[in-house]
Amino acid sequence: MKVAVFGAGGRMGRASCDAVEAADGLELVARIDAGDDREAAAAAQVVIDFTHPDAVMDNLAWCIDRGISAVVGTTGFTPERLDRLRGLLADRPEVGVVIAANFSVGAVLLMRFAEQAARFYESVEVIELHHPDKADAPSGTAISTARRIAAARAEAGVPAPPDATVHELPGARGADVDGVRVHGVRLRGLVAHEEVLFGDPGETLTLRHDSFDRSSFMPGVIAAVRAVPDRPGLTVGIDDILGLGR
Ligand SMILES: NC(=O)C1=CN([C@@H]2O[C@H](COP(=O)(O)OP(=O)(O)OC[C@H]3O[C@@H](n4cnc5c(N)ncnc54)[C@H](OP(=O)(O)O)[C@@H]3O)[C@@H](O)[C@H]2O)C=CC1
Ligand SMILES: O=C(O)C1=N[C@H](C(=O)O)C[C@H](O)C1
């Protein structure tokens with residue numbers, strides 16, 4: 001299968017190029033970075049995109065227009081952006097796009113475990129910790145985690161977490177994602193880490209995942225590349241591809 005990588009000069013792009021080159025049955029046909037002519041990727045059957053939230057929608061429109069499927073790790077996908085993508089894909093029903101905020105197996109499992117725990121605890125907060133060269137905050141993974149926790153709590157009728165704060169320096173209580181507080185740490189030496197803290201009277205539960213190296217994302221990326229030609233339309237998350245179901 002012919003594969004091109006968009007964002008090939010970046011941290012994830014470089015790791016993806018190496019992973020594609022090492023994978024049986026995959027052939028790396030183009031490395032595209034900012035400013036390069038995308039036509040060099042026109043021969044690809046699948047594009048991997050690890051670029052920038054400001055670039056990814058235009059890249060996907062280009063791929064879909066040419067009938068090229070895509071595996072997307074770039075963050076910044078709002079519900080509105082996903083709807084726009086569904087609209088683009090409706091015109092090319094043979095094309096598949098897999099978007100995942102996190103391709104590491106551990107992060108996928110953490111999100112599922114957090115979703116399961118959500119209804120049992122009065123309090124919940126999310127902390128994401130990343131390298132300081134990251135453009136977006138909170139991380140896409142933390143936003144997805146918080147949304148999934150919020151949805152599970154709402155479905156179970158759990159009220160908003162208690163919080164008596166009335167005096168606050170702006171930002172001290174983090175971002176509000178669907179009613180769940182999300183805190184971002186940017187620290188040299190880190191790669192990608194997330195904690196979900198649950199609390200109830202007399203106990204807490206902490207779920208933590210650490211990516212110490214970008215190789216942690218590659219099995220998920222390669223599994224998605226192999227799967228996407230058989231998954232027309234939009235797939236959000238790699239749970240199904242890993243055999244976990246929704
Ligand atoms: N889903 C997942 O598992 C993961 C997702 N990510 C996400 O992936 C994205 C990239 O992260 P990371 O690799 O660390 O970032 P980097 O900044 O290291 O890499 C991004 C690369 O994309 C290039 N680029 C920018 N615009 C375009 C464009 N239009 N076409 C082609 N290339 C372009 C950049 O070039 P230049 O520097 O010249 O602008 C840069 O080389 C982020 O959104 C991040 O959150 C990261 C890790 C895991
Ligand atoms: O920028 C990163 O590094 C990462 N980005 C993704 C995110 O925003 O969730 C995935 C992972 O956290 C690493």
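Read the numbers this way: they start at 1 and go in the same order the structure lists the ligands and their atoms. Since the structure is predicted, the reported quantities are computational estimates derived from the model, not experimental observations.
With ligand atoms numbered from 1 in the order given, ligand 2 contributes 6 (C), 7 (C), 8 (O) to contacts under 4.0 Å with heavy atoms of T75. Within ligand 1, the atoms closer than 4.0 Å to a non-hydrogen atom of F103 are 1 (N), 2 (C), 3 (O), numbered from 1 in the order shown. Within ligand 1, the atoms closer than 4.0 Å to a non-hydrogen atom of G9 are 41 (O), numbered from 1 in the order shown. Ligand-side atoms of ligand 2 in range of D136: 8 (O), range being under 4.0 angstrom from any heavy atom. Listed by atom number, the atoms of ligand 2 under 4.0 Å from A192 heavy atoms are 11 (C), 12 (O), 13 (C). Taking every non-hydrogen atom of T74 and a distance limit under 4.0 Å, the qualifying atoms of ligand 1 come out as 8 (O), 43 (O). The ligand atoms of ligand 2 that sit less than 4.0 angstrom from a heavy atom of S139 are 7 (C), 8 (O), 9 (O). Residue-ligand proximity, N102 to ligand 2, at heavy-atom distances under 4.0 Å covers atoms 10 (C), 11 (C), 12 (O). Listed by number with element, the atoms of ligand 1 under 4.0 Å from a non-hydrogen atom of G7 are 21 (C), 22 (O), 23 (C), 31 (C), 32 (N).
Proximity of R214 to ligand 1, defined as any heavy-atom pair under 4.0 Å, is not found for any part of the residue. Only the backbone of A100 comes within contact range of ligand 1, with a heavy atom under 4.0 Å; no side-chain atom does. At a heavy-atom cutoff of 4.0 Å, ligand 1 is contacted by the side chain of F217 but not by its backbone.
F6 is not listed as a side-chain neighbour of H52, based on a closest heavy-atom distance of 4.5 Å or more. Within the 4.5 Å cutoff, the side chain of R66 has heavy atoms near those of the E39 side chain.
Polar contact check, S104 against ligand 1: no nitrogen or oxygen pair lies under 3.5 Å apart. When only interatomic distances are considered, the shortest N/O to N/O separation between T141 and ligand 2 falls below 3.5 Å. Looking at ligand 2, you'll find an N or O of G140 within less than 3.5 Å of one of its N or O atoms. Of the N or O atoms in D33, one or more lie within a sub-3.5 Å distance of an N or O in ligand 1. At least one N/O-N/O distance between M12 and ligand 1 falls below 3.5 Å.
Shortest contact from atom 2 (C) of ligand 1 to any protein heavy atom: A101 O, 3.4 Å. Atom 6 (C) of ligand 2 has A101 O, 3.6 Å as its closest protein atom, hydrogens excluded (heavy atom only). At the shortest separation from atom 43 (O) of ligand 1 among protein heavy atoms lies T75 OG1, 2.8 Å. Nearest protein neighbour of atom 16 (P) of ligand 1, counting heavy atoms only, is R11 NH2, 3.6 Å. Summary of contacts: the protein heavy atom closest to atom 45 (O) of ligand 1 is K134 NZ, 2.9 Å. Of all protein heavy atoms, the one closest to atom 20 (C) of ligand 1 is T51 O, 3.4 Å. The protein heavy-atom contact nearest to atom 3 (O) of ligand 2 is H131 NE2, 2.9 Å. Counting protein heavy atoms only, atom 5 (C) of ligand 1 is closest to G73 O, 3.0 Å. Nearest protein neighbour of atom 39 (O) of ligand 1, counting heavy atoms only, is A34 CB, 4.0 Å. In this structure, the protein non-hydrogen atom closest to atom 29 (N) of ligand 1 is A55 CB, 3.3 Å. Protein heavy atom nearest atom 12 (O) of ligand 2, with residue, atom name and distance: H130 NE2, 2.6 Å.
Residue R119 places its CZ atom among 12 or fewer non-hydrogen atoms of other residues, nucleotides or ligands, all under 6.0 Å distant.
L207 and M111 fall into different hydrophobic clusters, where Ile, Leu, Val, Met, Phe, Trp and Tyr residues are linked whenever their side-chain heavy atoms come under 4.5 Å apart, directly or through other members. Put simply, V158 and V196 are part of two different groups of oily side chains (I, L, V, M, F, W, Y) that touch within less than 4.5 Å, one to the next.
Counting only heavy atoms, the protein gets under 4.0 Å from atom 26 (N) of ligand 1.
For K134 and D136, the salt-bridge test passes: some basic side-chain N is under 4.0 Å from an acidic carboxylate O. The existence of a salt bridge linking R153 and E155 is excluded, since no basic side-chain nitrogen approaches an acidic carboxylate oxygen closer than 4.0 Å. A salt bridge is absent between R214 and D18; no separation between the charged side-chain nitrogens and carboxylate oxygens falls under 4.0 Å. Between R148 and D239 a salt bridge is recorded (basic side-chain N to carboxylate O distance below 4.0 Å).
Between the side chains of E194 and S139, not a single donor N or O lies within less than 3.5 Å of an accepting N or O.
Within the 4.0 Å heavy-atom cutoff, G140 does not count among the residues contacting ligand 1.
Residue Y121 is tested with D200, L197, I149 for a side chain to side chain contact (heavy atoms under 4.5 Å, CB included); the sole match is D200.
Nearest to atom 1 (O) of ligand 2 by heavy atom, out of E194, K134, E128, is K134.
Listed for the D178 side chain is no donor-acceptor partner under 3.5 Å among the backbone atoms of A150.
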